[in-house]
Peer 1: 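Please see the structure below; I have some questions.
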Amino acid sequence: MSGSPTKSDSLRVGVVGLGIGRAHIQGYLSHPLAHVVAIADRDAGRLESVGDEFSISGRYTSLEEMLAAEKLDILSVCTPNAFHKDMALAAFNAGCHVLCEKPMAMNAGEGRLMLDAARKAGKRLMIDFSYRFNEQSQALKRQVDSGILGDVYFARSVWHRRRGIPGFGSAPAFGESAAPGSWFARKELSGGGPLIDLGVHRLDLALWLMGYPEPEWVMGAAYDSLGKTIAAAEGREFSVEDLAAGFIRFKNGACLEVEASWAANIAENELMETRLLGTKAGLVQRNIDQGYQFKASLHLEREGCQFDMELHPPVPACTGAMYHFIDSILRGLPHDAGGEEGLLVMRLLDALYASAAQAKPIHIG
């Protein structure tokens, strides 16, 4: 399909997992040709609440039931990480395109199966690297691609929380009944802690701005110094790290530092920053007032003078990931944040965790 889509081209969407899935529904509804016709979740109360909120009649307590009953064009997979692979494979088998929450899967092996299944089915696979899809990030990408930074040789991308282990202090999620706590803190469901949860966003953002260079080796470290103590005090399960840091060396000679934590003794409640240094200029994007709004600036030298320029993105506003996915499919255009990039992120996460466990650098094959 190409050109301008019409009302008859509308796409039927299903969403499984109604935690972050609620944001997916809102994202799809921003597009006039997307119709969320079905939702699935194990929690019957949440299923009813979200279904009523968005007037969605198709409500199911399992993905299998939803795929059997509904003819869907797109499935958003918004469940804990341990279920991403199997649900994506089921969706491809049912003829759906898939938009999968980050991280792509539990590990690169699962991610590769997902990508292979998408190619075999002739369907699209997109990963919700949502921090690309805002006005400021898109404007920064245009600046980098214009060559204003010159050759980027160093980057640092971090997301730290003073205290913020997901789900702690709240009721069990996604049908948890045994050990109290959050699925995010249980390695068998999440695959890891803040590195795979928060760091994955900052890692993708930096890689995307840098043009996704080919990695050569990584060195990583991970700690559970605070999270383990916090969990013990609350009687909760905690089998992941609370802080991780890593160094990635690329084949073009550039390098990237990445850091992520759920619990760290810092001044800020929430600290997000991505910085790129190039031969002609540098840029930085950081969050404002410890929140989820951002500011960005460029720093350069001209004729011996130093300049600092604050970036103000142009209007119109950037559309979100769900709108972008719908529009790309309807217009027959490539979509961003594809499965190939998702798989490279998984390979890097795997290598960083392996390096932390083995206390040595890991070369990327």
Side-chain angles (χ1 to χ4, degrees), residues 13-28 36-51 54 56 58-70 72 74-94 96-111 113-115 117-118 123 125-130 166-167 170-179 181-193 196-198 200-201 237 239-240 321-322 325 337 339 342-343 345-346 349:
V13 180
V15 177
V16 56
L18 299 179
I20 191 64
R22 187 178 175 280
H24 280 234
I25 294 171
Q26 292 175 312
Y28 285 120
V36 182
V37 298
I39 52 178
D41 197 281
R42 293 179 182 176
D43 186 325
R46 185 158 57 179
L47 190 63
E48 180 179 5
S49 174
V50 174
F54 295 103
I56 300 169
R59 306 176 189 184
Y60 304 91
T61 55
S62 75
L63 175 63
E64 294 78 13
E65 185 184 4
M66 182 167 74
L67 291 177
E70 303 280 352
L72 301 176
I74 296 172
L75 177 72
S76 261
V77 177
C78 306
T79 60
N81 307 339
F83 306 105
H84 287 185
K85 183 257 295 180
D86 287 346
M87 289 186 169
L89 296 186
F92 291 133
N93 191 53
C96 303
H97 301 290
V98 171
L99 175 55
C100 185
E101 255 306 314
K102 61 76 197 171
M104 183 179 189
M106 293 284 278
N107 52 59
E110 290 189 355
L113 290 174
M114 292 166 64
L115 185 57
K123 297 298 177 181
L125 172 60
M126 178 176 166
I127 312 303
D128 185 25
F129 291 135
S130 57
S170 63
F174 201 74
E176 288 181 327
S177 57
S182 167
W183 68 262
F184 286 90
R186 295 167 56 183
K187 191 169 184 179
E188 74 273 15
L189 292 176
S190 65
I196 201 171
D197 175 41
L198 306 180
V200 66
H201 278 304
E237 183 177 339
S239 54
V240 296
M322 292 83 214
F325 196 45
L343 179 57
V345 169
M346 289 310 312
L349 291 173

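The figures that follow rest on heavy atoms only: side chains count, while hydrogens, waters and symmetry mates do not.
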Peer 1: Do Phe325 and Ser76 make a side-chain contact, defined as non-hydrogen atoms from C-beta onward lying under 4.5 Å apart?
Peer 2: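 No, every pair of side-chain atoms sits at 4.5 Å or beyond.
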
Peer 1: Taking the side chain as every heavy atom from C-beta outward, state whether Val345 and Met104 have any atom pair closer than 4.5 Å.
Peer 2: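 Counting from C-beta outward, Val345 and Met104 never come under 4.5 Å.
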
Peer 1: Quick one: CG on Leu349 to CE on Met106, what's the gap to the nearest 0.5 Å?
Peer 2: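 So the gap between those two atoms works out to 12.5 Å.
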
Peer 1: Would you indicate whether the side-chain heavy atoms of Phe129 and Val200 approach each other to under 4.5 Å?
Peer 2: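 Contact flag for Val200/Phe129 side chains = yes.
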
Peer 1: After noting the C-alpha distance and the side-chain angles of Ile56 and Ile25, does the key distance pass the side-chain contact (heavy atoms from CB on, under 4.5 Å) rule?
Peer 2: CA-CA 10 Å; Ile56 300 169; Ile25 294 171; 4.1 Å; yes

Peer 1: Applying side chain to side chain contact (heavy atoms under 4.5 Å, CB included), name anything that partners Ser49, two or more places apart in sequence or on another chain.
Peer 2: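 Counting only residues at least two positions away or on another chain, Ser49 forms no side chain to side chain contact (heavy atoms under 4.5 Å, CB included).
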
Peer 1: Of the non-hydrogen atoms in Phe184 and Ser190, which two are nearest, and what is the gap between them?
Peer 2: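 Looks like O-OG, 3.1 Å.
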
Peer 1: Quick check: closest heavy atoms across Ala118 and Leu125, and the distance to 0.1 Å?
Peer 2: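 In terms of heavy atoms, the two residues are closest at CB-CB, 4.0 Å.
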
Peer 1: Would you mind reporting whether Ile74 and Tyr28 have side-chain heavy atoms less than 4.5 Å apart?
Peer 2: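 Yes, side chains in contact.
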
Peer 1: Which salt bridge (Lys or Arg N to Asp or Glu O under 4.0 Å) pairs, counting each pair once, include a residue from residues 77-87, with sequence neighbours left out?
Peer 2: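 Checked against salt bridge (Lys or Arg N to Asp or Glu O under 4.0 Å) - neighbours excluded - no pair reaches residues 77-87.
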
Peer 1: Taking side chain to side chain contact (heavy atoms under 4.5 Å, CB included) as the definition, give me every residue that meets it alongside Leu47, ordered by chain and number, with sequence neighbours left out.
Peer 2: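 Partners of Leu47 under the side chain to side chain contact (heavy atoms under 4.5 Å, CB included) test: Leu18, Ile39, Asp41, Arg59, Thr61.
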
Peer 1: Which heavy atom in Cys78 sits nearest to a heavy atom in Val15, and how many Å separate them?
Peer 2: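 So the two residues come closest at SG-CG1, 4.1 Å.
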
Peer 1: Restricting to side chain to side chain contact (heavy atoms under 4.5 Å, CB included), what partner residues turn up for Asn107, sequence neighbours left out?
Peer 2: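 Scan of Asn107 (side chain to side chain contact (heavy atoms under 4.5 Å, CB included), adjacent residues dropped) gives Glu110, Asp350.
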
Peer 1: Please answer whether the main-chain N or O of Glu101 pairs with a side-chain N or O of Asp128 as donor and acceptor at a distance below 3.5 Å.
Peer 2: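 No, Asp128 side chain to Glu101 backbone: no donor-acceptor pair under 3.5 Å.
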
Peer 1: Could you state the interatomic distance from CE (Met322) to CE (Met126), rounded to the nearest 0.5 Å?
Peer 2: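 Between atom CE of Met322 and atom CE of Met126 there are 7.0 Å.
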
Peer 1: Taking all non-hydrogen atoms of both residues, which atom of Cys100 and which atom of His84 are closest, and how far apart?
Peer 2: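 Closest approach of Cys100 to His84, heavy atoms only: SG-ND1, 3.4 Å.
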
Peer 1: Within the structure provided, determine whether Met66 and Leu75 are in side-chain contact (heavy-atom separation under 4.5 Å).
Peer 2: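 A side-chain contact under 4.5 Å exists here.
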
Peer 1: Any side-chain heavy atom of Lys123 sitting closer than 4.5 Å to one from Cys96?
Peer 2: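 Contact flag for Lys123/Cys96 side chains = no.
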
Peer 1: Please identify each residue that fulfils salt bridge (charged side-chain N to carboxylate O under 4.0 Å, His left out) with Glu188, with sequence neighbours left out.
Peer 2: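 Partners of Glu188 by the salt bridge (charged side-chain N to carboxylate O under 4.0 Å, His left out) criterion, ordered by chain and then number, come out as Arg186.
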
Peer 1: As a quick check of understanding, evaluate side-chain contact (heavy atoms from CB on, under 4.5 Å) for Asn81 and Trp183, giving each step before the final call.
Peer 2: CA-CA 9 Å; Asn81 307 339; Trp183 68 262; 3.8 Å; yes

Peer 1: Tell me, please, which residues at least two apart from Arg22 pass side chain to side chain contact (heavy atoms under 4.5 Å, CB included).
Peer 2: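 Expected list: Gln26, Glu53, Phe54.
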
Peer 1: Looking only at heavy atoms, which two atoms of Gly111 and Ala105 are closest? And how far apart?
Peer 2: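 Distance-wise, the nearest heavy atoms are N-CB, 3.8 Å.
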
Peer 1: Closest approach of Val98 and Ala91, non-hydrogen atoms and distance?
Peer 2: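 So the minimum-distance heavy-atom pair works out to CG2-CB, 3.6 Å.
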
Peer 1: Could you give the distance from CD (Glu70) to CD (Glu65), rounded to the nearest 0.5 Å?
Peer 2: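 Nearest 0.5 Å value for the CD-CD distance: 9.5 Å.
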
Peer 1: Got a second to check how far Leu115's CG is from Met346's CE, nearest 0.5 Å?
Peer 2: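 It is 13.0 Å, given to the nearest 0.5 Å.
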
